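Bear in mind that the values here come from a model prediction, so they are computed numbers and not experimental data.
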Amino acid sequence: MSQTRIAFRASQAPAAQEALATLTTRHGQTALQEAEVVVALGGDGFMLQTLHETEGLGLPVYGMNCGTVGFLMNAYDVDGLPERVLAAEETVINPLEMKATQADGSVVRALAINEVSLLRAGPQAAKLAIHVDGKLRLDELVCDGALLCTPAGSTAYNYSAHGPILPIGSDVLALTAVAAFRPRRWRGALLPKTAVVRLDVIDPVKRPVMADADSRSVENVISVEIRSEPTVRHRILFDPGHGLEERLIVEQFA
């Protein structure tokens, strides 16, 4: 891999813009079509944005943290970037595909690297029916929402909602309720990666629901179908010993 064929991308945060100026002065800037690697400067949100924007190019993405949490990022250091990229370990993840049907019959499709979530959009709790592979598994979940996440996204919104952390490569998805009211003791489910999950909104007029796929929001949904999309492969680079698998383990002992 050439040390000069790097396409830099940066968020609008001042720290990221400063890093962009410093690194492009040192290493130049390569067009995406000619690059061998993308270096994303920012936080996890910008990393997700960069992965979505480059998903059709097949390029590995190496993130450097200029934000806050930076779970998907490597530590920022102005020195030794080409050597770090060459030594990096690659993790491949598949996103989820969301097919959201709205009340007017229109259908919106989107990909999510972390999770697809359904959230109440009004003052009353949402009521959802959950189907897995065409079979009704829960006829009524009363909640603030529900989400289906990938292993890569299991430490994000899923973890905040008390969902499980999933090891990378486990071929498992986590279905997690957000503030479940009834069944009160329902703690979610672990599903095979091949599962097709459909969540139907009960009484969507009185209890409106919105859907979200990595911050792409769809209002007034009546049904959302979610499945893993194996044909899309996101290649993420991590410094040796600091990959997603290690970070998932560390997070559980923090």
Side-chain angles (χ1 to χ4, degrees), residues 71 93-103 108 110-229 244 248-249 251-254:
F71 186 80
I93 59 175
N94 303 115
L96 299 172
E97 181 192 43
M98 175 187 76
K99 183 174 76 172
T101 302
Q102 296 177 283
V108 178
L111 295 177
I113 296 165
N114 273 357
E115 78 278 322
V116 173
S117 57
L118 278 73
L119 300 168
R120 74 177 194 181
Q124 298 193 59
K127 288 186 177 181
L128 306 173
I130 301 175
H131 296 76
V132 179
D133 293 331
K135 185 173 183 178
L136 180 63
R137 293 293 184 179
L138 190 58
D139 60 358
E140 186 179 274
L141 172 64
V142 183
C143 58
D144 279 355
L147 63 91
L148 187 71
C149 78
T150 66
S154 64
T155 60
Y157 189 17
N158 171 71
Y159 194 34
S160 297
H162 306 291
I165 292 180
L166 305 177
I168 292 297
S170 60
D171 289 336
V172 171
L173 305 174
L175 177 61
T176 301
V178 179
F181 176 70
R182 191 177 291 118
R184 194 175 295 276
R185 296 185 181 277
W186 192 68
R187 298 299 184 185
L190 295 178
L191 303 173
K193 188 177 180 179
T194 55
V196 178
V197 178
R198 192 181 84 239
L199 299 103
D200 294 329
V201 180
I202 302 171
D203 199 359
V205 175
K206 182 179 180 181
R207 302 171 184 270
V209 170
M210 61 170 287
D212 186 278
D214 281 357
S215 297
R216 181 176 181 186
S217 298
V218 184
E219 296 182 343
N220 298 317
V221 298
I222 59 173
S223 182
V224 176
E225 184 178 280
I226 314 164
R227 68 181 72 208
S228 181
E229 180 45 80
L244 269 182
L248 290 171
I249 295 173
E251 189 70 23
Q252 295 177 81
F253 291 90

List for me each residue that meets side-chain hydrogen bond (donor to acceptor under 3.5 Å, both in side chains) alongside N114, sequence neighbours excluded, and say none if there are none. none
Minimal heavy-atom distance between T150 and L173, with the atoms involved, is CA-CD2, 4.1 Å
Sequence neighbours excluded - salt bridge (charged side-chain N to carboxylate O under 4.0 Å, His left out) pairs with any residue from residues 151-165: none
Considering all heavy atoms, the nearest V224-I226 contact: CG1-CG1, 3.8 Å
Can you find a heavy atom in the side chain of L166 that is under 4.5 Å from one in the side chain of P164? yes
What are the two closest non-hydrogen atoms of P183 and L138, and how far apart are they? CG-CD1, 4.0 Å
Side-chain donor or acceptor of R207 paired with backbone N/O of A126 under 3.5 Å: no
Hey, what do you get for CZ (R120) to CG (D144), rounding to the nearest 0.5 Å? 4.5 Å
With sequence neighbours left out, what residues match D139 under salt bridge (Lys or Arg N to Asp or Glu O under 4.0 Å)? none
Tightest non-hydrogen contact, residues A195 and L191, listed as CB-CB, 4.1 Å
If you look only at pairs with a residue in residues 162-179, which of them pass as a side chain to side chain donor-acceptor pair (under 3.5 Å), with sequence neighbours excluded? N158-T176
Residue of the set V201, T101, L199 for which side-chain contact (heavy atoms from CB on, under 4.5 Å) holds with V221: V201
Sequence neighbours excluded, the answer for side-chain contact (heavy atoms from CB on, under 4.5 Å) partners of K206 is Q124, D203
Could you work out, with side-chain contact (heavy atoms from CB on, under 4.5 Å) as the rule, every residue matching K99, not counting sequence neighbours? V107, R109, E225
Under the side-chain contact (heavy atoms from CB on, under 4.5 Å) test, residues paired with A177 that sit two or more places apart: L141, A180, W186
Smallest separation among heavy atoms of L128 and I202, with atom names: C-CD1, 4.1 Å
Once side-chain hydrogen bond (donor to acceptor under 3.5 Å, both in side chains) is applied, do any residues pair with N94, and if so which ones, sequence neighbours excluded? K193
For the atom pair CG (L148) and CE (M98), what is the distance rounded to the nearest 0.5 Å? 12.5 Å
Could I get the full list of side-chain hydrogen bond (donor to acceptor under 3.5 Å, both in side chains) partners for E219, not counting sequence neighbours? none
Nearest-0.5 Å distance that lies between atom CD1 in I113 and atom SG in C149: 13.5 Å
Not counting sequence neighbours, which residues clear side-chain hydrogen bond (donor to acceptor under 3.5 Å, both in side chains) with S217? List them please. D212
Partner set under side-chain contact (heavy atoms from CB on, under 4.5 Å) for D200, not counting sequence neighbours: A129, H131, R198, S223
Closest non-hydrogen contact found for G153 with E115 is O-OE1, 4.3 Å
Could you measure the distance from the OG1 atom of T194 to the CG atom of D133? Nearest 0.5 Å is fine. 6.5 Å
Find the distance between CG (L96) and CZ (R227) and round it off to the nearest 0.5 Å. 11.5 Å
